[in-house]
Amino acid sequence: LTIDIGLQRVVNKRLKGESASVVVIDVHSGEILAMASTPAYDPNAFNKGLSSSEWKALINDPRAPLNNKSIAGRYSPGSAFKMVMLLAALEKGVITPGSLMFCSGSMELGNAEFHCWNKHGHGAVNARQAITQSCDVYFYEIAKRTGIVHIAAMAKRFGFGTPLGIDLPGEGGGLVPTPKWKRAVMKAAWQRGETVITGIGQGYLLVTPLQLAVMMAKLVNGGVSVTPHLTRKVTHKNGSKKEKALKQGRDLNLSTQHLDLVRAAMNDVVNSATGTAKRSRIKNPEWAMGGKTGTVQVRRISRAEREMGVIKNKDLPWEERDHALFVGFAPVNKPRYAVSVVVEHGGSGSKRAAPIARDILEEAQRRGSGNKTLVKAA
């Protein structure tokens, strides 16, 4: 197997007590170095036989221990999608890297108002600054200019919307919404406001943690496809071996200049004074990580609540708190590892998910994970 058992132990320990998932992947080979979904359950209990009350406790647990969140959990990616959104806009030519957008804290579209997480606004920002500071208004505007068809096409190039083909049962594909999909499923026309919120990774868009890790791998390995996998080879009872046949190395035909811009912006997210994950930087500069925070709403915030003051996550019931996300890579200067972290109802991505990613990427580099086979296939 590709799993680094020592890194896996660190991941499991780091997620203790959380309803969460983590995927760590080699950005060049697609090897899964660690994967976790918590809380877990004891499979031995099924061998002994579960009582009716034990079974009901498992299936009714809101933290879903029977669900492999890493490959089948469906989440809005939130701001972790902004790099894909930016690449779609740049490729279509509706903006340049230096195009400035002014963020006052909100944007109006028809009779609707779309808010930035920073209610005071970010002022004038360019592409790199918009990623670094996670300015929602910037991405509302470029989504409106780009259009949902081009956004969806770029999302699919990064592996969203269909299973990636990992060698595990039960992988989910998520959802990349389009006007055609909405007409077929909801019998309704697509609205411009739905394009706007897709631009910040909300709305109908749904992804798995595995897809987020693969997205990050493609962003930092030069725009090359990788197939995530857990087995290097299969050894049969007669001793013969069969190497894995993987669809690796297909170029996504992305601009090198655009990819360099995105990578530099993700470096700024963690390692600049204005980055949203600056408190989670890795102190050793040779191991420095880059990445992107995400804080995903799971409830609608009314106009009245905004006027009175948005209720803080800590004051909400657990199931109404935001999901906390972080996607990251390391080392910045020569990317080798990518990670996705999703903490269900964890609140802020910068406060809850980014520190977990930092600890995992630091440990992967300390161990040199992936440099040798650490777990033999049975």
Side-chain angles (χ1 to χ4, degrees), residues 3 7-25 32 34-80 163 166 168-175 201-202 205-213 230 280 293-301 311-328 339-360:
I3 294 290
L7 181 63
Q8 184 68 48
R9 288 194 184 106
V10 169
V11 170
N12 292 344
K13 184 177 180 181
R14 193 62 179 82
L15 292 186
K16 188 175 181 180
E18 301 281 11
S19 181
S21 66
V22 161
V23 178
V24 186
I25 188 172
I32 300 296
M35 178 182 287
S37 175
T38 58
Y41 64 93
D42 181 6
N44 291 319
F46 287 85
N47 292 331
K48 296 181 298 182
L50 292 171
S51 67
S52 176
S53 60
E54 288 172 332
W55 173 244
K56 287 180 180 178
L58 276 174
I59 63 174
N60 294 325
D61 189 331
R63 288 166 170 78
L66 295 176
N67 184 31
N68 187 340
K69 299 178 176 75
S70 296
I71 65 170
R74 288 159 52 97
Y75 307 94
S76 296
S79 293
I166 191 171
L168 283 175
E171 183 191 0
L175 173 64
Q202 296 264 189
L205 181 66
L206 296 171
V207 305
T208 69
L210 177 65
Q211 289 174 335
L212 288 172
L230 285 151
S280 293
T293 53
T295 302
V296 178
Q297 286 181 210
V298 298
R299 68 185 185 96
R300 185 177 178 277
I301 301 174
I311 301 171
K312 294 181 179 179
N313 272 282
K314 66 182 180 65
D315 298 323
L316 290 167
W318 178 80
E319 65 275 8
E320 293 184 13
R321 297 173 187 173
D322 300 335
H323 292 326
L325 281 75
F326 187 83
V327 290
V339 66
S340 68
V341 179
V342 178
V343 182
E344 293 182 336
H345 308 294
S348 165
S350 61
K351 292 179 181 177
R352 292 294 295 279
I356 295 172
R358 174 200 59 209
D359 294 346
I360 292 169

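The model shown is predicted, which means the values in this text are computed figures rather than measured ones. Note that these values count all heavy atoms, side chains included, but never hydrogens, waters or copies made by symmetry. By convention here, the first residue in the shown sequence is residue 1.
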[X] to [Y] - nearest heavy-atom pair and separation:
| X | Y | answer |
| --- | --- | --- |
| Ala357 | Phe326 | CB-CD2, 3.3 Å |
| Leu7 | Ile360 | CD1-O, 3.8 Å |
| Gly201 | Pro77 | O-CD, 3.2 Å |
| Glu319 | His345 | O-CE1, 3.0 Å |
| Lys69 | Ala64 | NZ-O, 3.3 Å |
| Ser19 | Pro39 | CA-CD, 4.0 Å |

Test your reading of the model: is there a side-chain donor-acceptor pair from [X] to the backbone of [Y], 3.5 Å cut-off?
| X | Y | answer |
| --- | --- | --- |
| Ser37 | Asn67 | yes |
| Arg352 | Gly346 | yes |
| Ser76 | Gln202 | no |
| Gln211 | Thr208 | yes |
| Thr295 | Gly349 | yes |
| Gln8 | Met35 | yes |
| Ser340 | Pro209 | yes |
| Ser70 | Ala36 | yes |
| Arg321 | Leu316 | yes |

Counting C-beta onward and ignoring hydrogens, is there a side-chain heavy-atom pair between [X] and [Y] closer than 4.5 Å?
| X | Y | answer |
| --- | --- | --- |
| Thr293 | Ser79 | no |
| Asn313 | Ser348 | no |
| Val296 | Asp322 | no |
| Ile71 | Leu210 | yes |

- request: Please test Leu212 against Val23 for side-chain contact (heavy atoms from CB on, under 4.5 Å), starting from the C-alpha separation and ending with a verdict.
  value: CA-CA 9 Å; Leu212 288 172; Val23 178; over 6 Å; no
- prompt: What orientation do Tyr75 and His323 show, parallel under 30°, tilted 30 to 60°, or perpendicular over 60°?
  reply: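 Answer is perpendicular, since the angle exceeds 60°.
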Sequence-distant partners of Ser53, side chain to side chain donor-acceptor pair (under 3.5 Å), two or more places apart: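 Side chain to side chain donor-acceptor pair (under 3.5 Å) list for Ser53, sorted by chain: Ser51.
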query: Roughly how far, to the nearest 0.5 Å, is CD1 of Ile166 from CG of Leu230?
result: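 Separation between the atoms: 4.5 Å.
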- request: Calculate, to the nearest 0.5 Å, the distance between atoms NZ and CD1 belonging to Lys351 and Ile356 respectively.
  value: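 One finds 14.5 Å between NZ of Lys351 and CD1 of Ile356.
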